[in-house]
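Structure first, commentary second.
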Amino acid sequence: MERAFRPERLAVPDPAPRPLPGYGWLIAALVMVALAAGGVHLKPAGVALAAWWPAAGVAVWLMLRAGRDSRWRVVALVLVATAIGNALGGRDLLHGGLLGAGNALETLIVSLMLHRSRPTFRMSTARDALRFVLACAVGGLAAGFWAAGALALFPGGTGLLTLSFLDTALHATASHVSAVLLIASFAVVPRHLSDAAPRAEMVAQTALVSLTVAFVFAPGMDLPLSFLPFAFIVWAAFRFPVHLALTEALVASVAVLALTIAGGGPFSNGGLNTSALVLVVELYMIVLGVITIMMIAARYEAREATRTSLSVSQLITGGFVASRVGLIIAAEDHGAITVLWANRAAVSAIDAELAPDGVWSGPLARNALTSIEEGIEVMHEDLDAGTTISVLATRIPGDITRVSAQLVDVGATIRAAQAHHDAERERAAAHSTLVDLERQRDDFVATTSHELRTPVTSIAGYAELLSESAALSSAERSWVQIIIRNTARLTTLVEDLLTLGRSGIPAASLEPLSLRGLAGEVLDVERPMADARRIRLALAVDQDAVAHCAADDAARALGNLISNAVKFTPPGGTVRVATAEHDGRIALAVSDTGPGMPAESLAQAFDRFYRGHDAVQANTPGTGLGLAIARQLAERNGGTVRLECPPSGGLVAVLVFADAVGRGTADIRA
């Protein structure tokens, strides 16, 4: 059912002309000199002016070939070359210069008209061809009237002014226009048309046009058949390479001119005087040139339109064929649908309902008819196949028997939307459950810590009193010390839990705090545990480092970091507290010589109750709250805590204060 498309051979876009080489300018100048010198003598008996002036055609050809940027150089060259040619042909320097100026004026006018909006002119459309013809006509008129005026003002006894002013202007105009049309057009016609006729056809046509011109304009032939060569010239314009068609028109025109001057053809037997005869032949040449140019331009424009239409057609059709939307063109007659064209997606959707002769009948076809009649989109659900197809059919404007239909399988889209909705609902439910669990845990932590604080305080108090009793034996006194130590641990845990329960409460008061004094006090507290583990504590904090924070919060946060470092540093190691700089702010860096922390543990280190796998295996004491509490205390004071594992090993915990001044003495990664 899918229509096949085969790309045709397309016309190649016409490239911009290459710059004219230096020897090209020299050749053009020499040709103009030679043609001007020869054109002076190209005249029948009794006519003073040249019957044809090919130098004008070469001059305009050079202007169009060189382009707008070389305009004045071409004008100067045409003036000099044609003046020299006239002088070599026998005219005096004055008249040769005046007529050369007329040629230069003609060339300038054609350039101004054709190069007005673009630096180079290419005759790619019929409109361009009409502009070219009009420019040639205006330029020829200017040259003709210039020549007539110059000869009238400076007759000089040369015998050039044998006609009236108007007759001289008309003859000069016709000779210039015919030459420019037939010669200068070589510079502006499109050069690439890929549908040239076979060589045998071109040989046969050339022979026929040659025989026709020779027959119609032969001496003594007076039959009115001057129109016959036009048919062959049109044939060449539509079938031959453009330069060959122009060459044929040029040669045929020159042949007609020569044969007519020699007394042949229907024009010579019309009773015209020599001057009128030459004018008629020149007009004949102009018509022949205009027809050739217009036919070539129309041919090129038609090929370009065909190429563009074919490209657009292939693009659109290719998109339809490869589309995932089912597209159908069908004929509908009293409820019967016959498919005329369908793409792959449509054939796949209606294959079970499509007869070999193209008749479409079944549930989808009925839905299409409903869509046509009611102007709505109809949904067709196939439970067996698990598909839901949207059917939208409309009549094609201008042909009530033709309809177009679109079939779209929206089942996958609906299922995907439903799955997305279900996933979002499950995610929302999971989030709600998580929030509820977090709330329950926070409530449990807060309640439990408050309930534990009172009995723990009582135990601690009575244990202190008991330790002061003189009645205790040494063994009993050691037992009481164990109670006191474990009570202290339990008190620390309760304080940690209370700290977590106070999340979001700002620090009670902020005050200037010496970071060196803070670090020294906290190290003194942690020194007994460090000495017991044979850990060396080092202090390198600047004397002038000051932070604004709550002293209790800062001491507890730093204490948790130092305690954590001492726990994980092997015996004989070092824990060092130093000032550091982080993002332009003063901080305290607690570094150790321990094993460091793996990446997976580093990512969860600040989670509540989290203990790394290595800590669990080493049976390191702790509840997994120290780092979480340190960060929370820092954030309550506008700061933060960061962990980094430097390449040299160990772990660096950085306590950053929001408002600190001083000079850092250590890099946190050192």
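In this text the structure is predicted, and so the values were computed from the model without any measurement.
Residues Leu108 and Trp72 meet the side-chain proximity criterion, which asks for heavy atoms closer than 4.5 Å. Contact of the Ile389 side chain with the Val408 side chain is not registered, since no non-hydrogen atoms from C-beta on lie closer than 4.5 Å. Looking at Val180 and Trp61, their side chains never come closer than 4.5 Å, going by heavy atoms from C-beta outward. Side-chain contact between Ile109 and Met113 is present, with at least one heavy-atom pair separated by less than 4.5 Å. Using a 4.5 Å heavy-atom cutoff, the side chains of Pro266 and Asp222 are not in contact. Between His380 and Leu407, the closest side-chain pair of non-hydrogen atoms is not below 4.5 Å. Looking at Phe121 and Arg131, their side chains come closer than 4.5 Å, going by heavy atoms from C-beta outward. Under the 4.5 Å side-chain criterion, counting only non-hydrogen atoms from C-beta, Val242 is not in contact with Leu246.
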Any chance you could lay out the side-chain contact (heavy atoms from CB on, under 4.5 Å) test for Val254 and Trp52, step after step, and finish with the verdict? CA-CA 9 Å; Val254 174; Trp52 195 50; 3.8 Å; yes

Start with the C-alpha gap between Leu223 and Val216, add the side-chain angles, then the distance that decides, and say whether side-chain contact (heavy atoms from CB on, under 4.5 Å) holds. CA-CA 7 Å; Leu223 294 176; Val216 173; over 6 Å; no

Check against side-chain contact (heavy atoms from CB on, under 4.5 Å), Val256 and Leu288: CA-CA 11 Å; Val256 169; Leu288 188 61; 5.9 Å; no

Checking side-chain contact (heavy atoms from CB on, under 4.5 Å) for the pair Ile328/Trp341: CA distance, chi angles, key distance, verdict? CA-CA 6 Å; Ile328 297 173; Trp341 181 89; over 6 Å; no

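Put simply, the side chain of Ser175 gets close to the backbone of Ala172: a donor and an acceptor are under 3.5 Å apart. Side-chain atoms of Ser268 come within 3.5 Å of backbone N or O of Thr260 as a donor-acceptor pair. No donor-acceptor pair closer than 3.5 Å links the side chain of Ser111 to the backbone N or O of Thr107. For Asn343 (side chain) and Ala346 (main-chain N/O), a donor-acceptor pair under 3.5 Å exists by modelled atom type. A distance-only check finds no donor-acceptor pair linking the side chain of Thr338 to the backbone of Gly358 [under 3.5 Å]. Looking only at distances, no side-chain donor or acceptor of Arg402 sits under 3.5 Å from a matching main-chain atom of Ile396. Although no hydrogens or angles enter the test, the distance criterion places no donor-acceptor pair under 3.5 Å between the side chain of Arg122 and the main chain of Asp128. Side-chain atoms of Ser371 come within 3.5 Å of backbone atoms of Ala393 as a donor-acceptor pair (strictly under, hydrogens ignored). At least one donor-acceptor pair under 3.5 Å links the side chain of Thr173 to the backbone N or O of Ala169.
Under the 3.5 Å distance criterion, with hydrogens and angles disregarded, no donor-acceptor pair is assigned to the side chains of Asn367 and Thr370. Of the N and O atoms on the side chains of Gln406 and Glu377, not one donor lies less than 3.5 Å from an acceptor on the other residue. Looking at Glu353 and Trp360, their side chains do bring a donor and an acceptor atom within 3.5 Å of each other.
From Ser70, atom OG reaches atom CZ of Arg65 across 10.5 Å, with rounding to the nearest 0.5 Å. Summarising the geometry, atom CD1 belonging to Ile183 is positioned 12.5 Å from atom CG belonging to Leu64; distances are rounded to the nearest 0.5 Å. Between Ser253 atom OG and Glu248 atom CD the span is 10.5 Å, to the nearest 0.5 Å. Once rounded to the nearest 0.5 Å, the distance linking CE of Met32 with CG of Asn103 reads 9.0 Å. Within the model, atoms CD of Glu426 and NE2 of His431 stand 15.5 Å from one another, a figure rounded to the nearest 0.5 Å. Thr206 contributes atom OG1, which lies 6.0 Å from atom CG of Leu244 (distance to the nearest 0.5 angstrom).
When all heavy atoms of Phe165 and Gly149 are compared, the closest pair comes out as CE1-N, 3.4 Å. The shortest heavy-atom contact between Val347 and Ala342 is CG2-CB, 3.9 Å. Considering every non-hydrogen atom in both Leu181 and Ile293, the closest pair reads O-CD1, 3.4 Å. The minimum heavy-atom distance between Ala81 and Ala29, with the atom names listed, is CB-O, 4.0 Å. The two residues Ser178 and Met285 have their closest heavy-atom pair at CB-CB, 4.0 Å. When all heavy atoms are compared, the tightest approach of Ala50 to Gly39 is CB-O, 2.9 Å.
Around CZ of Phe215, the count of heavy atoms belonging to other residues, nucleotides or ligands within 6.0 Å does not exceed 12.
Using cut-offs of 30° and 60° on the angle between ring planes, the pair Trp53 and His176 is parallel. Aromatic ring pairs are classed by plane angle as parallel below 30°, tilted from 30° to 60° and perpendicular above 60°; the pair Phe240 and Trp235 is tilted. Taking the six-membered ring where the residue is Trp, Phe186 and His243 present tilted rings, their angle falling between 30° and 60°.
The side-chain tip of Arg73 points at the ring of Trp25 from less than 6.0 angstrom away and within 45° of straight on.
Residues Glu332 and Arg395 are paired through a salt bridge, judged by an N-O separation under 4.0 Å between the basic side chain and the carboxylate.
Remark: aromatic rings of Phe230 and Tyr284 are close, center separation under 6.0 Å.
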